[in-house]
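For clarity, every value in this text was computed on a predicted model and none was experimentally measured.
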Amino acid sequence: MQHVWSLLLLTSAPLLMLTTLQGGLWWLTSDAGHHKAALRLVRVLALAGSLIGLEGRVLLPAFGHYLGLHYPWNYIAISAALFGAGSLMLLHFEGVLSGELGSSLGGAAVVMSCGAGGVACGLPVWLMPAPLLAGSGIALFYDSGTIRDYCLFTAGAFATVVWFLHHHYWFLNIEIQTHGLRYLCQVILAALLPATLLPGLIIGRGSGALVSLLMLAQAGLVAYLEGQLHGGALEEGRQSYPGYLVVATSAVGLLLSSKAKEGGLLNNALAGLLNSIYVAKMALLILPQAHLGPIMAVVVAVTAPMLSGSKAKASTGPALPTPIFLLFTTAALASARLVLFDLLLLFLGYPPNAGLLAGASLVALALAQVPLLQQRYPHSQSARRVMAAVAAFGILLALLRPPLPEKGFAVCPNLPFGLCPRLWDQEHMPDADEDDTRLYGSDESGSNPGAAWLLVLAGIIGLAALVPSRGNTAAKRSRSCGAAALLGVNVGLYLALQLFPNQHLIQAIVCIASSSLAAAVVMIQIGGGGSGLLAFLVMAWASLLPLGLLLQAVLPLPPPRGPLPYGGLTPSFQHERAEAYRASLLAVYAPQALLLALAAKLRVSKSGNMARRPRHPSYAPRHLRADRSAGFLGACWPGGPASQGWSMSDNAMTAEGLAWLPTAGNLACLSWLCIALYLSWQAQGAPDEAIFLLAPSLLLLNRDPLLMPGLKPSRRYAPCSLTVSLYLVVSSLVSVGHATWLQPRALVLAHKQTPFYLLLNLACLAAVLPTHLAFLQFLWKPSQALSTWHYLTTPLSVPAFFLSGPYATKLLAIASLGMAALQFGVMRFTQQQGMKLI
């Protein structure tokens with residue numbers, strides 16, 4: 001039967017809503033007289049179906065145990081109350097209650113419906129005048145419209161609800177969060193009083209100040225009540241207040257606030273405060289046990305500039321000064337620090353670090369000032385830079401998480417009289433990162449958490465260098481180079497303290513190298529004079545790496561920190577420490593070499609683009625057509641714009657005194673590749689897949705007269721492919737030789753003969769090499785067509801993949817198939833585009 005009531009309610013309720021809309025049932029009939037009669041009939045049927053469905057599906061199943069009458073009188077009483085109220089609504093929409101007779105009959109019906117509802121709820125005889133008084137107050141207020149008559153309804157309804165709560169809930173010993181159910185019933189009664197008074201005051205045009213006060217009181221009480229109910233749970237573990245009710249009450253509150261503002265009952269400030277309360281309480285959906293007071297304060301502080309506006313208004317008084325808003329926002333965010341802690345704990349799954357909390361607080365402070373900037377400083381670059389600096393500093397703290405002092409933050413400071421001012425309480429303690437010494441009993445890495453502040457300082461210097469400064473070009477370049485050198489000193493000092501503890505010479509080398517490289521990269525990018533100084537910085541950086549390796553080989557190792565391993569300082573242990581320090585120094589230099597190669601590549605490309613810029617408008621169309629044709633045919637035309645720009649780029653670099661820069665960039669790129677391969681071999685035994693990740697860095701190579709005089713833009717992929725092929729070939733040969741001569745017993749155990757294994761793998765290697773050679777030739781000379789030999793040797797990669805033993809040979813086979821497919825596809829596409837061009 002429940003499904004029948006549900007179907008009836010779902011069918012009748014939308015139809016009833018359509019009957020209340022203007023022209024909602026225009027499709028019934030075209031005749032005006034018949035349309036009105038049909039509309040009334042549909043409205044009566046929809047109202048009856050909705051009331052029956054509401055009673056059968058909602059009221060009786062959910063609230064039937066609150067009815068004080070036995071069957072069938074409980075059905076009769078509740079039906080009389082519902083249909084009496086529904087008939088009165090229907091008569092009101094039809095305009096029947098406007099006359100004297102209608103008012104009398106309507107008043108009697110209201111009183112009878114309220115009496116039936118009281119009887120259905122099981123009110124005692126001595127309290128039956130309360131619902132009757134409420135019905136009489138509604139009837140009188142409908143006729144007179146005075147607030148005095150409406151107060152009768154408020155008194156009767158309030159008395160009825162007081163008895164209902166006292167009779168059903170007052171005696172229950174249930175704790176929800178920190179309060180009992182009796183206390184929550186008192187809060188419900190306090191929120192019910194303005195809820196029953198407000199409709200009469202709004203309709204009767206009561207005092208605007210009283211309406212505003214009651215709406216604020218009701219919003220605050222509802223938010224507090226939902227915070228207690230939604231955050232708590234009953235003893236059985238069930239949720240006492242579902243989340244959709246929080247959303248529903250917030251939506252209704254926002255709608256009523258906007259309607260009251262449009263009607264002139266609320267000004268902008270009070271309407272904004274109400275909206276802030278209703279928006280803030282939806283935070284319960286994310287943090288059910290959050291304190292809504294700080295959240296409301298943050299919402300009010302953020303939206304206050306939008307309410308006040310950028311100019312003073314006569315209706316709201318003079319606008320508050322900007323420092324007041326800043327102080328208010330800061331205080332609101334400080335009060336909501338525990339809410340921020342709970343949010344980070346929710347998303348991270350573990351207590352956040354103190355540095356992360358500080359950074360998130362600064363980012364929140366910067367974001368909270370966005371409305372203020374939009375309203376009062378929409379065109380102020382200084383204000384935007386200040387807020388961006390605060391946000392950037394917060395992001396640095398959140399990412400780097402430097403250590404913060406514990407006293408005053410998470411631990412009580414040493415103050416008399418037991419005073420304990422601190423940011424966090426016992427339930428919100430930031431996570432303290434334990435170092436390696438406490439976890440593993442060794443501190444060989446020399447971890448220094450305080451060194452993270454050097455990276456924060458480096459980030460601040462870098463951000464400050466991005467701010468445009470005044471002065472001539474030379475002064476700007478000097479400031480940029482000085483800032484880069486200082487940034488490099490901080491980064492180098494951080495790396496030195498972390499990786500090389502108690503090695504002062506190595507620390508000095510790392511700091512000088514980082515500073516030299518940072519200044520050199522900036523000088524390469526900004527251009528101008530100083531090519532001799534730039535060359536000196538690059539040579540100094542390059543010479544410090546062999547000097548550091550030499551010092552590591554000559555100088556004795558510092559004594560290890562923490563307890564020694566079993567057996568003391570054995571030669572093997574010392575050898576491992578020396579290898580670790582050497583790898584650390586190479587790991588410091590590897591990204592620096594890659595950065596230098598990138599800077600050189602960008603500068604050479606910039607000079608080439610400037611050289612290729614057309615000097616006459618009539619040259620531009622031919623230049624664009626020639627570039628497009630060169631792209632289609634896969635090669636640069638001899639004497640065309642690309643080759644001319646390439647040679648003009650060399651001339652431009654020579655004119656600036658930087659002819660050596662492409663060679664330096666190439667050496668840095670090759671050094672990066674060698675160091676990365678060495679570190680990969682030392683750390684993981686040189687996995688063959690690593691070459692596919694490292695080889696693309698050779699795209700940073702430039703054409704230079706010493707190392708790569710024939711490298712052109714159309715040939716830039718050839719070094720990458722050549723490096724991959726050579727590495728895999730060498731790795732395959734090493735694997736075959738190692739298995740053949742160093743581990744022949746393993747082949748015997750695997751039932752493999754050594755000569756056969758050697759010849760088979762060499763044959764597989766020879767089968768895949770022609771495809772690699774053809775692809776390298778294609779990358780170097782794209783215009784060359786595929787030969788018959790290429791079509792015959794490519795399928796040999798398939799049996800080579802299955803028959804070969806070394807993993808590198810299998811990778812070569814897979815790569816050869818991919819190279820052949822790519823070469824065929826590119827040449828096919830080039831041919832089609834060339835035919836279209838012709």
Side-chain angles (χ1 to χ4, degrees), residues 1-69 71-98 102 105-121 131 134-135 138-139 142 157 195 199 203 242-253 255-256 259:
M1 200 64 182
Q2 295 292 331
H3 299 290
V4 176
W5 304 132
S6 300
L7 183 62
L8 184 62
L9 182 61
L10 293 176
T11 305
S12 303
L15 189 60
L16 180 62
M17 180 177 292
L18 288 177
T19 59
T20 60
L21 300 177
Q22 186 68 25
L25 297 177
W26 57 270
W27 41 268
L28 282 177
T29 180
S30 58
D31 188 12
H34 292 86
H35 183 273
K36 189 173 183 179
L39 179 62
R40 289 177 177 177
L41 178 61
V42 171
R43 182 176 293 171
V44 170
L45 294 178
L47 179 62
S50 300
L51 293 177
I52 294 174
L54 180 66
E55 179 182 356
R57 185 63 184 89
V58 180
L59 294 180
L60 291 177
F63 304 99
H65 55 281
Y66 293 115
L67 301 179
L69 298 178
Y71 180 84
W73 303 109
N74 54 353
Y75 286 91
I76 296 175
I78 196 67
S79 300
L82 284 178
F83 279 93
S87 61
L88 288 174
M89 293 177 57
L90 182 62
L91 294 176
H92 170 72
F93 280 106
E94 294 294 335
V96 179
L97 299 179
S98 58
L105 293 177
V110 169
V111 174
M112 293 178 63
S113 298
C114 293
V119 171
C121 292
I138 285 292
Y142 189 84
I203 296 175
Y244 65 86
L245 289 181
V246 177
V247 178
T249 53
S250 297
V252 172
L255 178 62
L256 294 178
K259 295 295 183 182

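- Checked against side-chain contact (heavy atoms from CB on, under 4.5 Å), A48 has the following partners two or more places apart in sequence or in another chain: F83.
- Nearest heavy atom pair, residue A134 against residue A157, reads CB-N, 3.8 Å.
- Looking at every heavy atom in both residues, A195 comes nearest to P199 through O-CD, 3.1 Å.
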What donor-acceptor contacts under 3.5 angstrom involve side-chain atoms of residues 7-17, with partners at least two apart or in another chain?
{"unit_1": "T11", "atom_1": "OG1", "unit_2": "L7", "atom_2": "O", "d": "2.7"}
{"unit_1": "S12", "atom_1": "OG", "unit_2": "L8", "atom_2": "O", "d": "2.9"}

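- For the pair G118 and P131, the tightest heavy-atom approach, listed with the atom from each and the gap, is CA-CG, 4.3 Å.
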